[in-house]
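Here is the structure we will look at.
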There are 2 protein chains.
Amino acid sequence: MDDALAFSSLVLALSGHLVQEIHTRVAREGFEDLRPAHGFAFARISRGDATTADLAAHLGVTKQAAAQLVEELVRKGYVERRPHPRDARAKLLALTGSGLAATRAADRAAREAVAPWREALGEERFGALVTDLARLTPPGPIRPAW
Amino acid sequence: MDDALAFSSLVLALSGHLVQEIHTRVAREGFEDLRPAHGFAFARISRGDATTADLAAHLGVTKQAAAQLVEELVRKGYVERRPHPRDARAKLLALTGSGLAATRAADRAAREAVAPWREALGEERFGALVTDLARLTPPGPIRPAW
DNA sequence: TCTTTATGGACAAGCCGCTTGTCCAAAGGA
DNA sequence: TCCTTTGGACAAGCGGCTTGTCCATAAAGA
């Protein structure tokens, strides 16, 4: 009867595990200077056409916080700033080779982390699970939550 | 067949929304001085027999961080420290009336946040969803993840 | 029992991610 | 052309967390 409460706990617990799993695996692949929060930035930047202000909106933080994050990612060689073609104030953010490699590693890590769950449920139920979750999840950026 | 990647994104997005929803609702009920992270502490303390060190382990932070959190919750009137019956060093943490009220508000908020999802899927599929998620979720404390 | 080691908690200093506040130059609408 | 908006930078500060140290009590070993 208290499915609702159980559901909340499960989603929270699951996402916690997932983040931890992905982070650990990505670090093991050599990206030890990246932290979970960086992944959310990569997600936006890899979509293209992102300025620092866009990134701030995507992450739900202030421009200054985003600028600081970008500065760090640039310094570590994952991101580069390019002049914006139509706006002399702005700079376009782009992933470097390392940045791309890191996002690929993260994708791989996510798949690996999910794989055992997929097996545990079987293809069919897992597919249904994804379908149902997709129906529930409101649109909007994925961002760190707490 | 990139269900696995989709699943990761969905779980992350869903938990983000959930945290945000719960936090907003709890704040609206008058608990504006509580933040999402506090909920995880309440969860452990309400289970009973918790010392500050237990709490630290539960949250995955250092003793000092936990002590600081406890200090804050005590100052705000949600938690009280009692002498430990069998250990003169330790202090047992317990929720005050306010603390209990806050946890109830959080539970209610969680149910309200989930309700529309439950309706969207229908009782049957929602139940199946909870069952499946429960099979996936490894045991262990629920803690802030990033 | 006495000695050693582990543990709950407190104090201090410091880091880091984020905030608010301010400013400037470029862009864009009236 | 003026006025407002917006991308970005600089500065200061806060809060949550860390490491490091210490003490008193507990628990374990001789």
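Chain letters run A, B, ... following the sequence lines, proteins first, then strands; residues in each count from 1.
For the pair B:Lys63 NZ and D:dC22 C1', the computed distance is 11 Å after rounding to whole Å. Rounded to whole Å, the distance from NE2 on A:His84 to P on D:dG7 is 9 Å. Rounded to an integer number of Å, the gap from CD of A:Gln64 to C1' of C:dT20 is 8 Å. Remark: P of C:dG8 and CG of B:Leu93 are 12 Å apart, rounded to the nearest angstrom. The CG-C1' distance, from B:Asp54 to C:dG8, rounds to 10 Å in whole Å. Atom P of nucleotide D:dT25 and atom NZ of B:Lys91 are separated by 12 Å, given to the nearest angstrom. If you take CG of B:Leu69 and C1' of D:dG16, they are 10 Å apart, rounded to a whole angstrom. Rounded to whole angstrom, the span from the CG atom of B:Asp87 across to the C1' atom of D:dA26 amounts to 6 Å.
In terms of position along DNA chain C, the nucleotide closest to B:Ala90 lies nearer the 5' end than the nucleotide closest to the other residue of the pair A:Val61 and B:Ala90.
Here the side chains of B:Val74 and B:Glu80 are not in contact, with every heavy-atom distance at 4.5 Å or above. A:Gln68 places none of its side-chain heavy atoms less than 4.5 Å from the side chain of A:Glu71.
Closest approach to the B:Arg89 side chain among C:dA10, D:dG16, D:dA24 is made by D:dA24 (side chain taken as heavy atoms from C-beta onward). The side chain of B:Ala67 lies closest to C:dA10, out of C:dG8, C:dA10, C:dT19.
Note on A:Thr62: every side-chain N or O is 4.0 Å or more away from OP1 and OP2 of C:dT20. OP1 and OP2 of C:dG8 both lie 4.0 Å or more from every side-chain N or O belonging to B:Thr52. OP1 or OP2 of C:dG17 lies within a sub-4.0 Å distance of a side-chain N or O belonging to A:Arg35.
Under the 4.0 Å criterion applied to side-chain N and carboxylate O atoms, B:Arg25 and B:Glu29 are not assigned as salt-bridge partners.
The two residues A:Lys76 and A:Asp33 make their nearest non-hydrogen contact at NZ-O, 3.0 Å.
Nucleic acid contact class of B:Ala65 (heavy atoms, under 4.0 Å, all strands): base.
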Given side chain to side chain contact (heavy atoms under 4.5 Å, CB included), test A:Arg135 with B:Leu121 step by step and report yes or no.
CA-CA 8 Å; A:Arg135 286 184 54 194; B:Leu121 287 188; 3.8 Å; yes

